[in-house]
Amino acid sequence: MLDIGFDTVFLDDDNNAMVILDQTQLPGKTQYLSLKTKEEIWNAIYKLQVRGAPAIGIAAAFGIYISVKGSSAGTYDSFYEEFAEVKKYLSSSRPTAVNLFWALDRMDDCVKRHKDRSVSEIKQALLKESNKILEEDIKVCRKIGENGLSLLKPGMGLLTHCNAGTLATGKYGTALSPIYLGQEKGYRFKVYADETRPLLQGARLTTWELNQAGVDVTLICDNMASIVMKNGWIHAVVVGCDRVAANGDTANKIGTSGVAVLAKRYGIPFYVLGPTSTIDMQAKTGRDIRIEQRPGEEIYKEWYSKPMAPEGIKTYNPAFDVTDAEDITAIVTEKGIAYPPYTESLCQFF
Ligand code: MRU
């Protein structure tokens, strides 16, 4: 597999801090941050210094370990009380990506499984579990890449939205994983990256990481997806996901559902790629998925040297939207590819 050349989220050598590549500084600066407190970790997730559903999950797992590592609790009950408080706190950082809750629940199960051990042994078990979550994610992403590549042909033009690459995962990404794998095999894909307003994950992050890997990538504004499809340049759309409901409705970065509608209009396959940990069988449909609302300043201020709208203007800034299952050609996971009807096909993974 291609040498990606950077790591998104990991523990430092002494397991005393969680280290993240600060994604708000990209593409200008490659700066790593060392986070040691639960407040720093919460902030990093909230501010999208670490972002993307699987990476948020990994950060939450490392984050809860780092936060309780220094606990002076002497009994299981007092340790668990502290752990549960941090879990609740970190759970409140972002609502939509289910991986955050999935990873924290997994760490919770780990504590409970070791109930009859000493507090220091429980801490060791948590360290091991968090590293396992990272290692598993890397393997899962690689497998998603292999399954995704089976749907693609050399030379294809691919459109992607937001960033579902290495920066959003342990390594390789979900939607970008088949692109990396294809690059290794000489597939010469032509990738079009939507800029992804308002936080510009496509412009700042997807083009940065694909460009570094030598992939042919072209940046377009979000409102140019239609023209590149009409021009015949797009043969498939590949996107990630933050939460997939049991019926296949999929929450992903705001703007994704519009791309899916366009793809259907032009007869282009629309593929969602993600780990089975992003499938939430408790959510029956997209209506059960909570959509994060973010400050309006992100739309008109944050990325500009001066405000691009009148001060105090009314805004609506949902961070995600839900793509209807009927607009999705297939959902690609590490366990296989699901096709409609998703109510039946997603069950095979659980
Ligand atoms: O707000 P973000 O940047 O965390 O949103 C990220 C996305 O929407 C990604 O497409 C999704 O998390 C999949 S990442 C493999």
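Ligands are counted one by one from 1 in listed order, and the atoms in each one are counted from 1 as well. Just so you know, these numbers use all the heavy atoms, side chains as well, and skip hydrogens, waters and symmetry mates.
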(request) Under the side-chain contact (heavy atoms from CB on, under 4.5 Å) rule, collect the residues that match up with K69, sequence neighbours excluded. (result) N15, N16, Y65

(request) Sequence neighbours left out, what passes side-chain contact (heavy atoms from CB on, under 4.5 Å) with P178? Give chain and number order. (result)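 side-chain contact (heavy atoms from CB on, under 4.5 Å) list for P178, sorted by chain: L149, L152, L273.
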
(message) Quick test of your reading: applying salt bridge (charged side-chain N to carboxylate O under 4.0 Å, His left out), list the pairs with at least one residue in residues 35-62, sequence neighbours left out, ordered by first then second residue.
(response) none

(request) State whether the number of non-hydrogen atoms from other residues, nucleotides or ligands found under 6.0 Å of E85 atom CD is greater than 12. (result) no

Ligand 1: protein N/O within less than 3.5 Å of ligand N/O:
residue  : atom   : partner : partner atom : Å
ligand 1 : 1 (O)  : R94     : NH1          : 3.3
ligand 1 : 1 (O)  : R94     : NH2          : 2.8
ligand 1 : 1 (O)  : K253    : NZ           : 2.8
ligand 1 : 3 (O)  : R51     : NE           : 2.5
ligand 1 : 3 (O)  : R51     : NH2          : 3.3
ligand 1 : 3 (O)  : Q201    : NE2          : 2.9
ligand 1 : 4 (O)  : G52     : N            : 3.0
ligand 1 : 4 (O)  : R94     : NH1          : 2.8
ligand 1 : 8 (O)  : D242    : OD1          : 2.8
ligand 1 : 8 (O)  : N252    : OD1          : 3.1
ligand 1 : 8 (O)  : K253    : N            : 3.1
ligand 1 : 10 (O) : N252    : OD1          : 2.6
ligand 1 : 12 (O) : A53     : N            : 2.8
ligand 1 : 12 (O) : D242    : OD1          : 3.1
ligand 1 : 12 (O) : D242    : OD2          : 3.0

(message) For E334 and T276, which I'm curious about, is there any donor-acceptor pair between the side chains at under 3.5 Å?
(response)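 Yes, a side-chain donor-acceptor pair sits under 3.5 Å.
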
(request) Consider only side-chain N and O atoms of T96 and D242, and report whether a donor and an acceptor are under 3.5 Å apart. (result) no

